[in-house]
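In each ligand, atom 1 is the first atom listed, and ligand 1 is the first ligand listed.
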Amino acid sequence: MSTESNRARSKARHVAIIMDGNGRWAKRKHLPRAMGHQRGVEAVRKLVRAVEPMGLDCLTLYAFSSENWKRPEEEVDDLMNLLRKFIKSDLPEFVANDVRLKIIGDYKALAPDIVAQLEDALEKTSQGSRILAVALNYGSQDEIVRAARHAADEGEVTADSIERHLDTAGLPPLDLLIRTSGEVRLSNFLLWQCAYAEMVFVDTLWPDFTPEHLQQALDDFASRERRYGGR
Ligand code: IPE
Ligand code: IPE
Ligand code: MG
């Protein structure tokens, strides 16, 4: 494959974001951590609204990891309450704007009222064409183990059969992974799917991340040559 053809096809369809830095944002402003998370939700809302004009088919957001249960109970409660509020307030907008919600991760282990809210939102957005995938109680190692078990139950364990059972099955291949806040690690996010994804790490703390920052990352992505091991 020539460089030209790799570049010509370099418009990202699927972008995933590790939304990190809410706590540090609040700390810098001498505000409670909860305020950082609240402003983080506002950054999500603005970004989801901007995705259509950017031509993305799928945006995947890391909202709560399977390891985030280790945080103090009060913070976990704050995050769960923000999730409840977010679904309630933004669901009508998703439906009106052709957004299809998808959840990755073991969301059924969340509180029963949240599970019910999420399932209602999944149903009401099922006709949408642009996917917003939200990772909730998500851990990539767990996802791969679950997928490998399913694949083994069905017969042969191959890369294809595992992939068919990942939580992300049916989503476009991941093109670009972004992490905010200056940390350069994956924190158990999309380990399998990142095999040939491009990566952009930015210092911006999540509540300060705007659609312009996403556009910059997309521009950076568009200038990269993806080789997939070939030459
Ligand atoms: C990201 O911000 C939000 C979640 C992980 C839920 P953090 O809460 O991790 O913020 P920092 O990393 O402590 O600044
Ligand atoms: C990753 O951020 C999880 C989410 C953004 C939801 P963390 O803040 O939990 O990651 P570590 O602990 O810094 O690796
Ligand atoms: Mg963090």
Enumerate the residue pairs fulfilling salt bridge (Lys or Arg N to Asp or Glu O under 4.0 Å) with a member in residues 80-92, sequence neighbours excluded, ordered by first and then second residue.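 For residues 80-92: Arg45-Asp90, Arg84-Asp113.
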Between Arg49 and Glu93, is the closest basic N to carboxylate O distance under 4.0 Å?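 Answer for the salt bridge query: yes.
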Region of [X] that comes within reach of ligand 2 [heavy atoms, distance under 4.0 Å]:
{"X": "Ala63", "value": "backbone"}
{"X": "Met19", "value": "backbone"}
{"X": "Phe189", "value": "neither"}

Under 3.5 Å between some N or O of ligand 2 and some N or O of Arg185?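 Yes.
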Give yes if a backbone or side-chain nitrogen or oxygen of Tyr62 is under 3.5 Å from a nitrogen or oxygen of ligand 2, and no if not.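 No - when backbone and side-chain N and O of Tyr62 are compared with those of ligand 2, no distance drops under 3.5 Å.
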Can you pull out the closest protein heavy atom to [atom]? Residue, atom name and distance to 0.1 Å, please.
{"atom": "atom 14 (O) of ligand 2", "value": "Ser187 OG, 2.6 Å"}
{"atom": "atom 5 (C) of ligand 1", "value": "Arg71 NH2, 3.4 Å"}
{"atom": "atom 10 (O) of ligand 1", "value": "Gly23 N, 2.9 Å"}
{"atom": "atom 2 (O) of ligand 1", "value": "Asn22 N, 3.1 Å"}

Give me the ring orientation class for His150 and His165: parallel if the planes are under 30° apart, tilted from 30 to 60°, perpendicular past 60°.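 Ring orientation, 0 to 90° scale: parallel.
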Can you label the angle between the Phe189 ring and the Tyr138 ring as parallel, tilted or perpendicular, going by 30° and 60°?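 Aromatic pair Phe189/Tyr138 classed perpendicular.
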For Lys27, which part has a heavy atom under 4.0 Å from ligand 1: side chain, backbone, both, or neither?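 The answer is neither; Lys27 stays 4.0 Å or more away.
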Close approach of His37 to ligand 1, heavy atoms, under 4.0 angstrom: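 Yes, His37 has heavy atoms under 4.0 Å from ligand 1.
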For Ser181 and ligand 1, answer yes if some heavy atom of the residue is under 4.0 Å from a ligand atom, otherwise no.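 So Ser181 does not count as touching ligand 1.
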With heavy-atom distances below 4.0 Å as the criterion, list the atoms of ligand 2 near Asp20.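 Atoms satisfying the 4.0 Å criterion: 2 (O), 8 (O).
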Per-atom contacts of ligand 2 with Phe64, taking only distances under 4.0 Å to non-hydrogen atoms: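 Numbered from 1, ligand 2 contributes 6 (C).
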Would you check if [X] and [Y] make a side-chain contact, meaning some heavy-atom pair closer than 4.5 Å?
{"X": "Gln38", "Y": "Leu82", "answer": "yes"}
{"X": "Ser65", "Y": "Asn188", "answer": "no"}
{"X": "Asp175", "Y": "Arg226", "answer": "yes"}
{"X": "Lys108", "Y": "Glu119", "answer": "yes"}

Just by distance, no angles: are the side chains of [X] and [Y] close enough, under 3.5 Å, to form a donor-acceptor pair?
{"X": "His14", "Y": "Gln193", "answer": "no"}
{"X": "Glu52", "Y": "Asn97", "answer": "no"}
{"X": "Ser181", "Y": "Glu183", "answer": "no"}

Should Arg179 be listed as contacting ligand 2, given a heavy-atom distance under 4.0 Å as the test?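 Contact present.
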Does Arg24 reach ligand 2, in the sense of a heavy atom lying below 4.0 Å from it?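 Judged by the 4.0 Å heavy-atom criterion, Arg24 does not count as contacting ligand 2.
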Is the backbone N or O of Gly105 less than 3.5 Å from a side-chain atom of Asp167, with the two atoms forming a donor-acceptor pair by type?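 Present.
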Hey, is atom 12 (O) of ligand 2 under 4.0 Å from any protein heavy atom?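 Under the 4.0 Å cut-off, atom 12 (O) of ligand 2 has no protein heavy-atom neighbours at all.
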Does any N/O atom on Trp25 come nearer than 3.5 Å to any N/O atom on ligand 1?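 Between Trp25 and ligand 1 (N or O atoms, distance only) the closest approach is not under 3.5 Å.
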If you measure every N or O of Asn68 against every N or O of ligand 1, does any of those distances drop under 3.5 Å?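 Looking only at distances, the answer is no, because the N/O contact criterion of under 3.5 Å is not met.
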Tell me, which N, O or S atom in Asp20 is closest to the Mg ion (ligand 3)?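 Per the distance ranking, Asp20 contributes OD1 as its closest N/O/S atom to the Mg ion (ligand 3).
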